[in-house]
2 protein chains.
Amino acid sequence: MSLGHSNVTIEAPDSGEIGQGEPCAALDPVQIQSGCRTVSEVLSRVGDKWSILIVMILASGPRRFNELKRLVDGISQRMLTLTLRNLERDGLVQRTVTPSIPPRVDYALTPLGHSLRVPVSALGEWVMANITTIKDARERFDEELQQRDRLG
Amino acid sequence: MSLGHSNVTIEAPDSGEIGQGEPCAALDPVQIQSGCRTVSEVLSRVGDKWSILIVMILASGPRRFNELKRLVDGISQRMLTLTLRNLERDGLVQRTVTPSIPPRVDYALTPLGHSLRVPVSALGEWVMANITTIKDARERFDEELQQRDRLG
DNA sequence: CGGTATCCGAATGGATACTG
DNA sequence: CAGTATCCATTCGGATACCG
């Protein structure tokens, strides 16, 4: 049923329900556990290979399925469907079917989806602001690792 | 070599190098591709199961390896090592070895690591502010799905 | 104490073929 | 056009055993 076997999150064995909790206060580990778990779970949706990309593209307006497929470049039909389903499930994306022939399906950001862009953009700007530092750190780390490998 | 076979990111076949790009402007799809790919890549580090949790715990001060292992709860030694290595590689965490007997290793957030907390907290607050909406959306989605399954 | 090495099941995700 | 279903390779990640 549904879509093959693996689904980004949909169809997960109904464990891992979201619990309430406080934001990560960086103080009490217990607080961090309860709050961060929740945050992590949503973050992993945002952090997956395609989600933000699609959210950012939909930010400029609604798109049809194959339109998205062309725009995203490299995404398989499977992953596009799966990603859109999960975004829809979380209430970030609205799916609208127009039962014409051929059928027409539009995907648009919900208000919630739009509001997500604010913190995601902030994170995006942090990345862009620090990408050079990160790249340099990686290079130095990898070099030092190779040094050790050469020596033994 | 290194750590078994699978590493969160370390040891990846040296393809996927980070490229420069603009922040996701939600305008030109090409811009979105180049910028968001980079953002995605770092986001997937932040979005993985353990990274933020560890960053948030380290925010309150340096910790030793087994101390972290106890605090994180549920993490395997393998994943703790892997996650810490990658955080170190990205320059977010500083690893300090004190060659005593028994050996002592401390992990601390770098200034870069601390600066990451700002946008991550913002995202965390967005999640906490909207978690109810998301939960409700999921419930409605899953219910409607079951309805359709029952009917055929 | 702070890791590494190895084994192996589970999840991820691309390619392809088929459908209303 | 907008998906589903199936197959299959790759990757992830826990459990366990061992090491300096």
Side-chain angles (χ1 to χ4, degrees), chain A residues 1-13 15-16 40 44-45 47-51 53-54 62-88 93 95-107 145 148-149 152, chain B residues 1-13 15-16 40 44-45 47-51 53-54 62-88 93 95-107 145 148-149 152:
Chain A
M1 70 168 74
S2 207
L3 259 170
H5 56 105
S6 103
N7 308 318
V8 175
T9 275
I10 264 185
E11 297 290 283
S15 53
S40 287
S44 70
R45 165 87 357 91
D48 77 41
K49 207 179 174 187
W50 307 111
S51 289
L53 211 51
I54 290 174
R63 301 281 186 176
R64 300 180 61 174
F65 185 85
N66 279 328
E67 201 176 355
L68 279 172
K69 196 179 167 209
R70 276 189 301 278
L71 284 172
V72 174
D73 168 74
I75 196 171
S76 64
Q77 194 164 29
R78 183 182 139 74
M79 288 317 291
L80 181 55
T81 305
L82 245 33
T83 306
L84 285 170
R85 279 293 170 281
N86 279 290
L87 290 174
E88 189 194 355
V93 158
R95 179 171 178 271
T96 312
V97 184
T98 310
S100 52
I101 297 179
R104 178 195 179 97
V105 180
D106 286 279
Y107 292 92
L145 204 76
R148 265 178 265 288
D149 279 0
Chain B
M1 70 170 78
S2 206
L3 257 169
H5 56 104
S6 103
N7 307 319
V8 176
T9 276
I10 263 185
E11 298 289 282
S15 52
S40 287
S44 71
R45 165 89 355 92
D48 77 40
K49 206 179 176 188
W50 308 110
S51 290
L53 212 50
I54 290 175
R63 300 283 186 176
R64 299 180 60 174
F65 185 86
N66 279 329
E67 201 175 356
L68 279 172
K69 196 179 168 208
R70 276 190 302 276
L71 284 171
V72 173
D73 168 74
I75 196 170
S76 64
Q77 193 164 30
R78 183 181 141 75
M79 287 318 290
L80 181 55
T81 306
L82 246 32
T83 306
L84 286 171
R85 279 294 170 280
N86 279 288
L87 290 173
E88 189 193 357
V93 159
R95 180 172 177 269
T96 312
V97 184
T98 309
S100 53
I101 297 180
R104 177 195 179 95
V105 180
D106 285 280
Y107 292 91
L145 205 76
R148 264 178 265 288
D149 280 358

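Letters go in sequence order (proteins before strands), and every chain restarts at 1.
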Using whole Å, what does the distance between atom [atom2] of nucleotide [N] and atom [atom1] of [X] come to?
X	N	atom1	atom2	result
B:Ile75	C:dG3	CD1	C1'	14 Å
A:Asp48	D:dT11	CG	C1'	16 Å
A:Arg95	D:dC1	CZ	P	16 Å
A:Gln77	C:dT16	CD	P	13 Å
A:Arg85	D:dT4	CZ	C1'	10 Å
B:Arg63	C:dC1	CZ	C1'	17 Å
B:Arg45	D:dC12	CZ	C1'	14 Å
B:Met79	D:dT16	CE	P	18 Å

Practice problem: Taking all non-hydrogen atoms of both residues into account, name the closest pair between A:Leu80 and A:Phe65 and its distance. | Solution: CD2-O, 3.5 Å
Quiz item: Looking only at heavy atoms, which two atoms of B:Arg63 and B:Leu68 are closest? And how far apart?
Solution: CB-CG, 3.7 Å
Of all the nucleotides listed ([options]), which has the minimum atom distance to the side chain of [X]?
X	options	value
B:Thr81	D:dA2, C:dC1, C:dT4	C:dT4
B:Arg64	D:dC1, D:dG3, C:dC1	C:dC1
B:Trp50	D:dG14, C:dG14, D:dA2	D:dG14
A:Lys49	D:dG3, C:dG2, C:dG14	C:dG14

Practice problem: Using a cut-off of strictly less than 4.0 Å, decide whether A:Tyr107 has a side-chain nitrogen or oxygen near OP1 or OP2 of D:dC1. | Solution: no
Quiz item: Within less than 4.0 Å of OP1 or OP2 of D:dT6, is there a side-chain N or O belonging to A:Arg78?
Solution: no
Distance-only check: which donor-acceptor pairs under 3.5 Å involve side-chain atoms of residues 95-107 of chain A, not counting sequence neighbours?
from	atom 1	to	atom 2	distance (Å)
A:Arg95	NE	A:Tyr107	OH	3.3
A:Ser100	OG	A:Thr98	O	3.4
A:Ser100	OG	A:Pro102	O	2.9
A:Arg104	NE	A:Asp106	OD2	2.8

Quiz item: Rounded to the nearest 0.5 Å, how far does CH2 of A:Trp50 lie from CD1 of A:Ile75?
Solution: 5.0 Å
Self-check item: Nearest-0.5 Å distance that lies between atom CD1 in B:Ile54 and atom CE in B:Met79
Solution: 9.0 Å
Practice problem: Between A:Gly74 and B:Leu84, just flag the one whose closest nucleotide in DNA chain C comes earlier from the 5' side. | Solution: B:Leu84
